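Data first, discussion second: the structure below is written as structure tokens.
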Protein chains: 2
Amino acid sequence: MRAGSPRLLREINDRAAIEALLRNGPLTRSELERLIGLSKPATAQLLTRLETADTVVRNGLRGGGRGPRAQLWSVNGTLAHIAAIDLTPETVDIAIADISGAVLTEHKAPMPVKHGVLEAFVSAVGKACGQAGLQPDQLLHVVVGCPGAVNPANGELAYAPHLPGWNGFDMPGRLREQLAAPVSVENDVNLVALEEMVAGRATEVRDFVVIWPADLVGAAVVINGVLLRGASGGAGEIDGLMIPDRACADTDTDRSGGTFGELLSNASICKLARAHGLAARNAQAVVRKALAAGPAGREFLVDLARRIATGVASVVAVLDPELILLSGDIAQAGGATLNDLVAAELRQLVVPRTPVQLALVTGKPVRSGALHSALAVAREQVFGLPAATTAPFRGPVVAGSPR
Amino acid sequence: MRAGSPRLLREINDRAAIEALLRNGPLTRSELERLIGLSKPATAQLLTRLETADTVVRNGLRGGGRGPRAQLWSVNGTLAHIAAIDLTPETVDIAIADISGAVLTEHKAPMPVKHGVLEAFVSAVGKACGQAGLQPDQLLHVVVGCPGAVNPANGELAYAPHLPGWNGFDMPGRLREQLAAPVSVENDVNLVALEEMVAGRATEVRDFVVIWPADLVGAAVVINGVLLRGASGGAGEIDGLMIPDRACADTDTDRSGGTFGELLSNASICKLARAHGLAARNAQAVVRKALAAGPAGREFLVDLARRIATGVASVVAVLDPELILLSGDIAQAGGATLNDLVAAELRQLVVPRTPVQLALVTGKPVRSGALHSALAVAREQVFGLPAATTAPFRGPVVAGSPR
DNA sequence: GCTCCTGTCTGTTAACTTTCCAGACGATTT
DNA sequence: AAATCGTCTGGAAAGTTAACAGACAGGAGC
């Protein structure tokens, strides 16, 4: 720790004011006073200083009460812009926002099946930027959420990415080069977790895990309010976890050495369903069918829950989190029924009584999470604000809407 | 974030000075200036202020160079005292230290087999305090390291504690009552991890896991330099982890559903050894014998390493830590050979190439870890210093030794 | 071997700067 | 008339730069 002169106080107070303005939208001077705890003259001086530095701007007047109309202030959004991108095998979904968090424009485009993905991606970003009146190289930061995880050593997508055409090269490096803007690539489940922490089920919780049972099982781990990425970007990559098959129905699996991913693959789940007399073309459909069917369906769901819970048990044994969130197509299809079955099975496997809930997936969690992630990077760079999401964030400010 | 007046500067600077003095032992004013970055008059004023508040004391003079002898300053150790205790089924090992980290006295006593453990414990603490010229109720904080983990809900020891006589009541509560001092009870493996982070193999690493393969498998998880305890104190309690038995030799285990602890129990390891033609009365002895034996011994060690690595793989899949440390009797007995076999097996199970090393267990890691833990609590209370061990700690100051 | 000078370091004092606070005052709006 | 906004004035708290007196080691000179 180092000591500081009065100059340090300035920095602390400026940052406090900027953070308050970002969080709580346009504010009058007196509101800002109360939020950051400075006196009237100090706050006024601070605002004029930040205004001449172009950091804050006047944003209308607040009337209504007695006395003269108060000046409203907000952070100058045009200081910097960011892009948040949800990249899937089928589509790319782009949002351009300014540093205040206001979304300027959105753009969605299909991705080609195999060749030319990079070109399609870059042109979609270019189009989105154009709609916002920007060039891609004016973006302060770009966050791309996609399946898989980037290996920090060589930048390649690892952990069995389901993104055809994106393998075998330094993905963030190539994007950075093509867009002439800083790019970071983040696992999609991690971004969902970020979003759940910011505006979903995990706002009151500091340690939680999002589990994504699917053809490619993923998980995101949040410890102490900070997303855990892992030494090689592989935290939460539990697809390869070796777990025993504890399903009651015999589906001929090698009971001594299945991976979590194998046990929850489409094929394996459909096989399990057939053993219970159910048939459908994929896991999601099977689960829906089982919910509609009677006792046989329930038995299948119990077996499925046992498989899921056995993997979740490993996570709970290692981390003992405050909360487990289930997300993804299968969990959504299974709804509260499957969720509760997993919770019940989990209780029999581990000592902690960790609550299991369905993730609150509304809207576009991956893109939203990417937006928050990019904003955190940009705000750290521009304002020196700490990027760790500690205090609850009250959601982005909508452009031009005074509160 | 809140803003601050000049008074906040005082607090920041005082804390910086106290931290520098705690870390780097007795310092002259000019050394302190350089460390915290204040000017000469400000530092001098700060020291006289802290001296009149009894927070720092003069600690001899530094001669040798030109000019007058410089005054040495250090934190007033007598401000508060703490106790660090290593509690095992057989013995209790107590150290009393002051807030500067100087150990005033040590005391070790045997524990009774079944009855009267509480009384024996309290009397041992009383004796240790007496040697230091204190009463137990003068202790600002007491940290007890022991096997198992305390359930925060009711204070009872959980996770199959191997501490006879300590079950079925609110352990920290009862100790607090008997000693009339604040007590916290911490898992012993957690304290070993803390010690490895402060002065062992993990000083350069922020995310690591200590694995303790034994009759009761434990693990300690450190994320971002902070020990993870878990929502119900159960983080790292991987004894109950469901893993398949991947040993080649058939020992008649239920391949579909063993727990990690069952596969590494004394009985199970001896059975595995017998399948390889080795016999001894406990796991530690078997491992030693296998090291001495030839190829058959090696085959057994490979099988043992497969069991250990399968459990470790679950941890790596969830956390992707920078480092895995093996500790405890079995790992010690197996030495580098077993360590390397585990590392090799682990590579076949997971994507990350997590290094596996033997813990650097010298001296008394549990008691030492308890000491650091108690000091962190005391320093937070007395000086308002943040308790998270972020910056590397350079070891406690030995009583009365000027540097 | 002794004395004295010099350079360097310690610790203190004084004057100045930066930052914030308390309170007063005029202007504005209901 | 009452409340509120924005600004102004004087002062308090904290730190910085600069200068000074005193202490001590080392070397020069005898």
Side-chain angles (χ1 to χ4, degrees), chain A residues 1-18 20-21 26-53 55-74 384 402, chain B residues 1-18 20-21 26-53 55-74 402-403:
Chain A
M1 215 201 297
R2 275 185 79 79
S5 354
R7 174 157 281 123
L8 174 67
L9 226 40
R10 266 280 156 89
E11 276 175 45
I12 292 175
N13 295 348
D14 282 5
R15 261 178 280 184
I18 292 168
L21 286 172
L27 294 172
T28 68
R29 186 202 22 75
S30 62
E31 287 166 340
L32 188 60
E33 272 168 39
R34 273 191 289 281
L35 278 169
I36 63 177
L38 281 189
S39 68
K40 193 164 24 170
T43 313
Q45 200 188 23
L46 183 152
L47 282 170
T48 57
R49 181 157 32 85
L50 290 185
E51 188 187 23
T52 58
T55 308
V56 302
V57 291
R58 290 164 192 265
N59 194 328
L61 298 171
R62 152 119 5 126
R66 287 180 172 174
R69 286 180 240 283
Q71 181 63 248
L72 283 168
W73 301 87
S74 57
Chain B
M1 214 198 302
R2 274 186 80 79
S5 355
R7 174 154 283 122
L8 174 66
L9 267 188
R10 268 281 155 89
E11 274 175 46
I12 292 175
N13 295 349
D14 283 5
R15 260 178 278 186
I18 291 169
L21 287 172
L27 294 171
T28 68
R29 184 200 25 72
S30 63
E31 288 166 341
L32 187 61
E33 274 169 36
R34 273 190 290 280
L35 279 169
I36 63 178
L38 280 190
S39 68
K40 192 160 33 164
T43 313
Q45 202 187 21
L46 183 153
L47 282 170
T48 57
R49 182 159 31 86
L50 291 185
E51 189 188 21
T52 58
T55 308
V56 302
V57 291
R58 291 165 192 262
N59 193 328
L61 298 171
R62 152 113 12 121
R66 287 183 170 175
R69 285 178 246 279
Q71 181 63 246
L72 283 169
W73 300 89
S74 56
R403 295 201 221 179

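First the proteins, then the strands, lettered A, B, ... as listed; each starts at 1. None of the values given here were measured: they were computed from a predicted structure.
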N/O donor-acceptor pair under 3.5 Å between A:Asp14 side chain and A:Leu46 backbone: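 It does not hold such a pair.
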Sequence-aligned protein contact record of nucleotides 18-28 of chain C, with B where the base is within under 4.0 Å of a protein heavy atom and S where only the sugar-phosphate is: BSSBBB----B
Sugar-phosphate, base or nothing in reach of A:Ala44, heavy atoms under 4.0 Å: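 No contact at all - A:Ala44 keeps every heavy atom at 4.0 Å or more from the nucleic acid.
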Sugar-phosphate, base or nothing in reach of A:Ser30, heavy atoms under 4.0 Å: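 Sugar-phosphate contact only - A:Ser30 comes under 4.0 Å of backbone atoms but never of a base.
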Salt bridge present between A:Glu11 and A:Arg15 (N-O < 4.0 angstrom):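 Looking at A:Arg15 together with A:Glu11, the answer is yes, because their closest N to O distance falls below 4.0 Å.
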Basic-acidic side-chain contact under 4.0 Å: A:Glu33, A:Arg29: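 Looking at A:Arg29 together with A:Glu33, the answer is yes, because their closest N to O distance falls below 4.0 Å.
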Could you give the [atom1]-to-[atom2] distance, from [X] to [N], as a whole number of Å?
X	N	atom1	atom2	result
B:Leu47	D:dA14	CG	P	16 Å
A:Arg58	D:dG6	CZ	C1'	11 Å
B:Gln71	C:dC9	CD	C1'	15 Å
A:Arg62	D:dA3	CZ	C1'	16 Å
B:Ile36	D:dA14	CD1	P	15 Å

Over 12 non-hydrogen atoms of neighbours within 6.0 angstrom of CZ in B:Arg49: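 Yes, the 6.0 Å shell around CZ holds more than 12 heavy atoms from other groups.
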Distance, nearest 0.5 Å, that separates CG of B:Leu32 from CG of B:Leu27: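 The CG atom of B:Leu32 sits 6.0 Å away from the CG atom of B:Leu27.
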Nearest-0.5 Å distance that lies between atom CG in A:Leu8 and atom CD1 in B:Ile12: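 It comes to 5.0 Å.
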